[in-house]
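Have a look at the structure below before the remarks.
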Amino acid sequence: MATIRLEKLRKEFITDDSKVVALNDVSFEVSGQEFVSVIGPSGCGKSTLLNILSGIETATSGKLEITEGERQARLGYVFQAARLLPWRTVMDNLLFVQDVRDKETRERCQRYLEMVELGHTGKQYPSQLSGGMQQRAGIARAFSTEPDLLLMDEPFSHLDAITGRSLRRELHELWTRTKKTVLFVTHDVTEAVELSTRILMFAKGGHLVEEVTMDLPFPRDATSDEVALARADIMRRFEALDLVAT
Ligand SMILES: Nc1ncnc2c1ncn2[C@@H]1O[C@H](COP(=O)(O)OP(=O)(O)OP(=O)(O)O)[C@@H](O)[C@H]1O
Ligand SMILES: [Mg+2]
């Protein structure tokens, strides 16, 4: 379980003739076994936030710490598309950047494949799997390095409703069992309400505008009145912000 501390984190993308502020002095803290969703309209900086947390991008200014006790936290990243390497088998995708020859590592990877019901696919290639199966393999890969912090960027947005629902359940199970800290980007407010302990609402221009704690007990049923009410509350908050902006 990791701790993330962001203080006035700012990211500007400067091109020849324009400057885009992707993150506008964003500050927040996440620690322990939290499941925090980041929601907001397209272009509000969600992926940029995960890219900076993972080190793919660097911030323009501000402070960022990701720790696990005294040491730097280990990260896992589930991308929006599974991004499996097509020339490697499913098992070799999990073993990528791990010690291939180590028996324990192989067993751990197999265990995570089984957790997402892909235990039988280790020797297959990504092209032999459906889109949903590839996405599950991507999730198993991220968990298999046993990270302290899991970053997930809209991992279910391209899946059909039924596969999405079963993967949300699996993810909730895995999160409960493995006690990870999760930062989860989504467009889907219902999904955020169903899975999160806290929701960070972002608005255009890279502003973190509100943090909402989700007190509903788990497991949550996406079709329940409680989830519908919480969703309506968040939508109202976004609408109020839009009124302010116009
Ligand atoms: N490499 C880049 N160069 C220039 N501008 C960029 C770059 N990456 C992102 N941006 C800009 O930064 C802003 C935030 O982009 P980002 O991808 O973080 O948004 P997002 O919230 O993830 O959107 P979506 O929901 O559509 O995935 C956008 O205006 C985008 O055009
Ligand atoms: Mg994005």
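In listed order, ligands and their atoms are each counted from 1.
- The single protein non-hydrogen atom nearest to atom 16 (P) of ligand 1 is Thr48 OG1, 3.5 Å, given as residue, atom name and distance.
- No donor-acceptor contact under 3.5 angstrom links the side chains of Arg10 and Ser61, judged on distance only.
- Contact between Arg106 and Met91 at its shortest, heavy atoms only, is O-CE, 3.8 Å.
- Residue Ala22 has no nitrogen or oxygen atom sitting less than 3.5 Å from a nitrogen or oxygen atom of ligand 1, judged on distance alone.
- Under a 4.0 Å criterion applied to the non-hydrogen atoms of Glu154, ligand 1 contributes the atoms 25 (O), 27 (O).
- Counting only heavy atoms of the protein, atom 26 (O) of ligand 1 lies nearest to Ser42 OG, 2.5 Å.
- Atom CG in Asp215 sits 10.0 Å away from atom OG1 in Thr197 (nearest 0.5 Å).
- Across all their heavy atoms, Thr181 and Ala2 have their closest contact at OG1-N, 2.8 Å.
- Remark: atom 18 (O) of ligand 1 lies closer than 4.0 Å to at least one protein heavy atom.
- Between Trp175 and Phe143, the ring centre distance reaches or exceeds 6.0 Å.
- Each of Lys179, Arg71, Gln72 was evaluated against Asp148; a single residue qualifies, Arg71, per the side chain to side chain donor-acceptor pair (under 3.5 Å) test.
- Contact annotation for Val20 and ligand 1: only side-chain heavy atoms (C-beta onward) come within less than 4.0 Å of the ligand.
- Screening residues 124-133 for side-chain hydrogen bond (donor to acceptor under 3.5 Å, both in side chains), with sequence neighbours left out, gives no hits.
- Of the protein's heavy atoms, none falls inside 4.0 Å of atom 30 (C) of ligand 1.
- Near-neighbour remark for the Mg ion (ligand 2): protein N, O or S atoms under 2.8 Å are Ser47 OG; waters not counted.
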Legend entry - side chain to side chain donor-acceptor pair (under 3.5 Å) evaluation trace for Asn51 with Thr48: CA-CA 5 Å; Asn51 287 340; Thr48 304; 5.6 Å; no
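- Electrostatic pairing of Glu107 and Arg111 does not count as a salt bridge here, judged by no charged N lying under 4.0 Å from a carboxylate O.
- Polar contact check, His187 against ligand 1: a nitrogen or oxygen pair lies under 3.5 Å apart.
- Of the protein's heavy atoms, Phe13 CD2, 3.5 Å lies nearest to atom 3 (N) of ligand 1.
- Residues Phe202 and His207 place their aromatic rings such that the two centres sit no closer than 6.0 Å.
- Classification of Arg220 and Glu194 as a salt-bridged pair fails, no side-chain N sitting under 4.0 Å from a carboxylate O.
- Under 4.0 angstrom from ligand 1, there are no non-hydrogen atoms of Gln80.
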Legend entry - Working for side chain to side chain donor-acceptor pair (under 3.5 Å), residues Ser224 and Asp221: CA-CA 5 Å; Ser224 67; Asp221 175 358; 5.4 Å; no
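- Near Gly45, with a cut-off below 4.0 Å to any heavy atom, the atoms of ligand 1 are 14 (C), 18 (O), 19 (O), 20 (P), 21 (O).
- Looking only at heavy atoms of the protein, atom 25 (O) of ligand 1 is closest to Lys46 NZ, 2.7 Å.
- At the shortest separation from atom 23 (O) of ligand 1 among protein heavy atoms lies Gly43 N, 2.8 Å.
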